[in-house]
Undergrad: 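One structure, as structure tokens, below. Some questions next.
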Amino acid sequence: MPKYYEFKVAGYYLYFTSFCIVECMHVHASDRKMTEAGSAKFFVKEDGDSVLQNRGTLNDREIKKIQAFIKEHYLDMYQKWAEYSQEGFYGEE
């Protein structure tokens, strides 16, 4: 299960799973178990904005921090995503 980074953002690891790569780029956020159950899921647009699909156990403050982090680092994150998936950003045709 690839992590975008080895450190936590707002207390959560940002990652995706091998089952995820058939969808457009997105980011799961989970504290330690790194499973989809209880994790938040953010779909990432080509401008770095993200759409929250599932909030998991995150509160509003944590969601905002993670969305700001994604916005700042989405191009680097996309390079990691592209190592595993041919799918692009959320909303691309």
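The residues of the chain are indexed from 1 along the displayed sequence.
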Undergrad: Can you confirm whether or not the ring centre of His28 sits under 6.0 Å from the ring centre of Tyr15?
TA: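 That pair passes the under 6.0 Å test.
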Undergrad: Do any N or O atoms from the side chain of Ser39 and from the backbone of Ser30 form a donor-acceptor pair under 3.5 angstrom?
TA: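 Absent.
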Undergrad: Could you give the distance from OG (Ser50) to OH (Tyr90), rounded to the nearest 0.5 Å?
TA: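 Here the rounded value is 11.0 Å.
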Undergrad: Rounded to the nearest 0.5 Å, what separates atom CD in Glu72 from atom CD in Gln67?
TA: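 Here the interatomic distance stands at 14.0 Å.
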Undergrad: Among Tyr4, Phe16, Tyr78, which residue satisfies the ring-ring contact (aromatic ring centres under 6.0 Å, His included) criterion with Tyr84?
TA: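 With Tyr84 as partner, Tyr4, Phe16, Tyr78 yield a single ring-ring contact (aromatic ring centres under 6.0 Å, His included), made by Phe16.
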Undergrad: Would the number of heavy atoms belonging to other residues, nucleotides or ligands and lying under 6.0 Å from NZ of Lys71 be above 12?
TA: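 Counting other residues, nucleotides and ligands, NZ of Lys71 exceeds 12 neighbours.
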Undergrad: Consider only side-chain heavy atoms of I, L, V, M, F, W and Y, link residues closer than 4.5 Å, and tell whether Tyr74 and Phe7 are in one cluster.
TA: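 Same hydrophobic cluster.
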Undergrad: Output yes when Lys8 and Asp31 qualify as a salt bridge under the 4.0 Å nitrogen-oxygen rule, no when they do not.
TA: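 Salt bridge absent between Lys8 and Asp31.
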Undergrad: If you take the centroid of each ring, where Trp contributes its six-membered ring, are Phe69 and Tyr5 closer together than 6.0 Å?
TA: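 Here the rings of Phe69 and Tyr5 have centres that are less than 6.0 Å from each other.
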Undergrad: Please confirm whether the backbone N or O of Cys24 pairs with a side-chain atom of His26, one donor and one acceptor, at under 3.5 Å?
TA: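 Confirmed, His26 side chain pairs with Cys24 backbone.
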Undergrad: Just by modelled atom types, is the Glu87 backbone N or O under 3.5 Å from a matching donor or acceptor in the Trp81 side chain?
TA: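 A pair under 3.5 Å: yes.
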Undergrad: For Leu58 and Ala29, work out which heavy atoms get closest and say how close.
TA: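 Leu58 and Ala29 have their closest heavy atoms at CD1-O, 4.1 Å.
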Undergrad: Could you tell me whether Glu83 atom CD has more than 12 heavy atoms of other residues or ligands within 6.0 Å of it?
TA: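 Result for CD/Glu83: enclosed.
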Undergrad: Within a strict 4.5 Å, meaning less than it, do heavy atoms of the Ile63 and Phe42 side chains meet?
TA: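 Yes, at least one pair of side-chain atoms sits under 4.5 Å.
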Undergrad: Is the shortest side-chain heavy-atom distance between Lys41 and Leu52 below 4.5 Å?
TA: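 Not touching, per the 4.5 Å side-chain cut-off.
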Undergrad: Look up atom NE2 in His73 and atom CD in Gln79, then write down how far apart they are to the nearest 0.5 Å.
TA: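 These two atoms lie 13.0 Å from each other.
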Undergrad: Can a salt bridge be assigned to the pair Glu62 and Arg55 using a cut-off of 4.0 Å between side-chain N and carboxylate O?
TA: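 Looking at Arg55 together with Glu62, the answer is no, because their closest N to O distance does not fall below 4.0 Å.
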Undergrad: Which heavy atom in Met77 sits nearest to a heavy atom in Leu14, and how many Å separate them?
TA: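 Smallest heavy-atom distance, with atoms named: CE-CD1, 4.2 Å.
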Undergrad: Any cation-pi pair here, Lys3 with Tyr13, using under 6.0 Å and within 45°?
TA: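 Yes.
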Undergrad: Is Pro2 close to Lys80 at the side-chain level, that is, under 4.5 Å between some pair of heavy atoms?
TA: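 Yes, close enough: below the 4.5 Å cut-off.
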Undergrad: Compare every heavy atom of Glu23 with every heavy atom of Phe43, then report the nearest pair and how far apart it is.
TA: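 Shortest heavy-atom separation between Phe43 and Glu23 comes out as CZ-OE2, 4.3 Å.
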